[in-house]
Amino acid sequence: MNLSGQIHPNLCKLPFLEHLVLSGNNFTCTIPLCFGTLRSLKTLHLGYNRFYGTVPDTLMRLWQLKELVLNGNKDLGGLIPWWVGNFSAQLEKLDIGFNSFHGEIPESLLYLKSLKYLDLGNNNLSGTLSDFHQSLVFLNLGSNQFSGTLPCFSACVQSLRVLNLANNSVMGGMPTCMASLQALKRLNLSFNHLSYELSPRLVFSEKLLVLDLSNNDLSGHLPSKIAETTEKSGLVLLDLSHNRFSGEIPLKITELKSLQALFLSNNLLVGEIPARIGNLTYLQVIDLSHNLLSGSIPLNIVGCFQLLALILNNNNLSGEIQPELDALDSLKILDISNNKISGEIPLTLAGCKSLEIVDFSSNNLSGTLSDAITKWSNLRYLSLAQNEFSGNLPSWLFTFQVIRMMDFSGNKFSGFIPDGNFNMSINFKNGELDKMQREPFGTMHNADTKVFIIVTGSTELSFSYVLSSVVGIDFSNNVLDGEIPVGLFGLRGLQYLNLSHNFLQGRVPDLEKMWRLRALDISHNSLSGHIPGNISSLQDLTLLDLSYNCFSGFVTKKQGYWRFPGAFAGNPDLCLESSDGGCDPASLPVVPGNALEGEEDEGWISVWVFCLSAFLSFYFGGLALFCSPRARNYILQTKA
C-alpha cells in the first residue's frame with residue numbers, strides 16, 4: 001500500500017492478531033521489539049521494505065509462528081539468530097533471502113522437523129554445506145559463499161521439489177544419489193566448482209522440469225540420458241553451458257520431447273548438430289555457440305516451429321543458409337557468426353518477420369544485400385561484417401525504426417552511402433541513455449545478447465533478452481566512395497560511427513549535433529577541406545581518428561580537438577595551433593592501432609609497385625633484345 005516511515009507501537013496492542021503482512025512497502029526502521037508481544041501471531045511478513053539492523057531476540061516469544069518472511073531488506077543482517085530453529089515447533093516457512101546475513105547456518109535449523117520452506121539465498125552466508133534432516137519441499141541457498149561437497153539430502157527424497165545451490169563454492173563431483181530425489185522439479189547448481197564426469201547412473205525422474213548445471217568444470221561426454229521422459233512430462237529447460245563437456249551431442253537429447261530451452265554453449269562439443277533436433281517441437285531457445293561443431297545447419301531444425309532464438313555462433317559450421325528457414329516465423333534472434341557458412345542470404349528469409357537480432361558476421365557469405373532484410377521491421381541489431389558481400393548499399397538501409405547497431409564492415413560494398421531518411425530510427429535520431437554509454441569503448445560496437453528464461457507455473461516458459469550494444473553504424477573497410485551524406489552527421493543519438501578505410505571524398509559535415517557521439521573514425525579516406533566546426537560540446541567523445549586524409553587549413557585549440565593529438569596524422573596540409581599560437585604540422589604521431597595498418601598498407605603497395613616495375617623492365621628489355629636481329633638469331637640457335 002506504499003506505506004512508509006516507522007511502525008507505530010500501538011500496532012503491538014493487538015494481542016489476538018494472527019496474521020500481520022506488511023510486505024512490499026517502504027518502512028524505514030528496525031524491526032520493532034514489541035512484535036514479540038504478539039503471542040498469537042502465526043504469520044509475520046515484513047519482506048521488501050527498508051528494515052535495517054538485526055532480527056530482535058523478542059521474536060523468539062512467537063511460539064505459534066508458522067511463517068516468518070523477512071526477505072528483500074538489504075540492510076537487515078548480522079548473524080542468523082541462534083534460536084531460529086528452536087523458538088516455534090510449528091515454523092514451516094522461513095524466508096530471509098536478499099538480505100545481508102553472514103556467518104553459518106545455526107545447527108538447530110538443520111533439525112527443525114516442521115520446516116518445509118527455507119530460503120536463505122542472496123546473503124553472505126558461509127561454511128561447509130550440510131545435509132538437512134527434515135522433509136523440506138523448497139530449499140534455496142543460492143548466491144552465498146557455501147563450500148564443501150554436495151550432500152544427498154536423503155531426508156528429502158520424497159518431498160524436495162526445488163533445490164537451488166547456485167553461485168556458491170561447492171566442489172567435487174555430482175553424486176548419483178541426487179537422482180533419488182523423486183519429487184524434484186527444479187535443480188540449479190550453476191556457478192560452482194563442480195568437476196569430473198556425470199555418471200551414466202545419474203538419471204533424474206520425469207518430474208524434473210529445470211536442470212541447470214552451467215558454469216562449472218564438468219567434463220567428459222554428455223550423458224546419453226539425463227532424465228526420464230514421458231509424452232506429458234519431462235525436462236523443460238536443460239542448461240549444461242560453460243563447462244568442459246566433449247564429444248558429440250547425444251541423439252537421446254532429441255527424445256526430451258517437452259524441452260523448450262537447450263543451452264550447450266561454451267563447451268568442447270564436436271560433430272554435427274543432430275538431424276533429429278527438429279523432433280523437439282516445443283523448443284524455443286537453442287544455444288550451441290562456442291563449441292567445435294561442424295557440418296551444416298540441419299534442415300530438420302524447421303520442425304522447431306516455435307523457436308525464438310537460434311544461437312550457433314563460434315563453431316566450424318559450413319554449408320549455406322537454407323531457404324526453408326523461413327518456416328521459423330517466430331524467430332527473434334538468429335546468430336550464426338564466426339563460422340564458415342557461404343552462399344547468399346535467401347530471399348525466402350523475408351518470412352522471418354519477427355527477427356530482432358541478426359548476426360551473420362565472420363563467415364564466407366557473398367552476393368548483394370537481399371531485399372528480404374526489409375521485411376525484418378523489428379530489427380534492432382544487424383551485423384554482416386567480415387564477409388564477401390558486394391554491390392551498392394540499398395536505399396532502404398536506414399528505414400528500420402528500432403535499429404541500434406548496423407555493422408557492414410570488412411566487405412566489398414561500393415558506390416555511395418545512400419542519402420536516405422536517417423531519422424527513421426528512434427535510436428539514431430534521439431538515442432537513449434543506458435549503461436553501455438559508460439562502458440569502456442574497446443569492443444563496444446559488438447553486441448552482447450543475454451537470454452533469460454524463467455519457467456513459470458508447471459511448464460510455461462517466459463523468454464526475454466537484453467541487448468547490450470551502442471547505437472552505431474560501421475561501414476569501414478569497404479570500397480565506398482562519394483561524399484558523406486550531411487544527414488548522417490545530424491543523428492543526435494548516434495554513439496559510434498566508423499567509415500574508415502574507404503574512398504570517401506569531399507568535406508566532412510559538422511559534428512555539433514551528434515551530442516551522444518563516443519567514437520568517430522573516418523581515417524584512411526580521401527576527405528578534404530577544413531576540419532569541421534567545434535567539438536567542445538561533445539563531452540562523451542573518447543575516440544577520434546581523422547588521419548590519412550587530405551584535410552587542410554588551421555585547427556585552433558578553441559575547436560576542442562586538442563584532446564586528440566594523434567587524430568590528424570597523415571594530413572600534410574593541416575596545421576594545429578601550438579602553445580605559442582603558431583602552427584604545428586598535423587602529421588606527427590600516428591593514431592595508436594592504426595600505425596601498423598598504415599605501414600602495412602603502404603608496405604604492400606611498395607612491394608606491388610616494385611614487382612610491377614620489375615616485370616615491366618624485364619618485359620620491355622626482353623622485347624627490345626628480341627627485336628635485335630643479331631640477338632634473335634643467337635637465341636634461336638641456342639634453343640635449337
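Bear in mind that the values here come from a model prediction, so they are computed numbers and not experimental data.
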Asks: Would you confirm whether N502, through its side chain, and N478, through its main-chain N or O, come within 3.5 Å as a donor-acceptor pair?
Replies: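 Confirmed, N502 side chain pairs with N478 backbone.
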Asks: What pairs with F564 under side chain to side chain contact (heavy atoms under 4.5 Å, CB included), at least two apart in sequence or on another chain?
Replies: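 Testing F564 for side chain to side chain contact (heavy atoms under 4.5 Å, CB included), a comparison that skips the adjacent residues, returns I535, L541, L544, A567.
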Asks: For K412, check side chain to side chain contact (heavy atoms under 4.5 Å, CB included) against everything at least two apart and list the hits.
Replies: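 Here the qualifying residues are E388, S390.
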Asks: Taking 4.0 angstrom as the limit, do E577 and K557 come out as a salt bridge?
Replies: no
Asks: So, for L269 and I249, which heavy atoms are closest and what is the spacing to 0.1 Å?
Replies: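 Residues L269 and I249, closest heavy atoms: CD1-CG1, 4.1 Å.
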Asks: Show every donor-acceptor pair shorter than 3.5 Å between a side-chain atom in residues 299-309 and any protein atom, with sequence neighbours excluded, or say none if there are none.
Replies:
residue	atom	partner	partner atom	Å
N300	OD1	G278	N	2.7
Q306	NE2	T281	O	3.3

Asks: Is there a donor-acceptor pair closer than 3.5 Å between any side-chain N or O of Q559 and the backbone N or O of G533?
Replies: yes
Asks: What residues form a side chain to side chain contact (heavy atoms under 4.5 Å, CB included) with S342, not counting sequence neighbours?
Replies: E320, N364
Asks: Would you give the length of the straight line joining atom CG of D212 to atom CZ of F263, rounded to the nearest 0.5 angstrom?
Replies: 9.0 Å
Asks: Side chain to side chain donor-acceptor pair (under 3.5 Å) with S337: which residues, sequence neighbours excluded?
Replies: D335
Asks: Suppose we call two aromatic rings close when their centres sit under 6.0 Å apart. Are F408 and F389 close by that rule?
Replies: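 For F408 and F389, the ring centres are not under 6.0 Å apart.
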Asks: Which label fits W396 and F400: parallel for a plane angle under 30°, tilted from 30 to 60°, or perpendicular past 60°?
Replies: perpendicular
Asks: Can any side-chain N or O of D326 pair as donor or acceptor with the backbone N or O of G351 at less than 3.5 Å?
Replies: no
Asks: In residues 238-245, what donor-acceptor pairs under 3.5 Å come from side-chain atoms, sequence neighbours left out?
Replies:
residue	atom	partner	partner atom	Å
D239	OD1	S241	N	3.0
D239	OD1	S241	OG	2.7
H242	NE2	N266	OD1	3.3
N243	OD1	N216	N	3.3
N243	OD1	D217	N	3.4
N243	OD1	L218	N	3.0
N243	ND2	L213	O	3.1
N243	ND2	L240	O	3.1
N243	ND2	S241	O	3.1
R244	NE	D217	OD1	2.8

Asks: Start with the C-alpha gap between D474 and Y496, add the side-chain angles, then the distance that decides, and say whether side chain to side chain donor-acceptor pair (under 3.5 Å) holds.
Replies: CA-CA 8 Å; D474 192 340; Y496 173 80; 3.1 Å; yes
Asks: Within a 6.0 Å radius of atom OH on Y48, are there more than 12 heavy atoms belonging to other residues, nucleotides or ligands?
Replies: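 Atom OH in Y48 is crowded, with more than 12 foreign heavy atoms closer than 6.0 Å.
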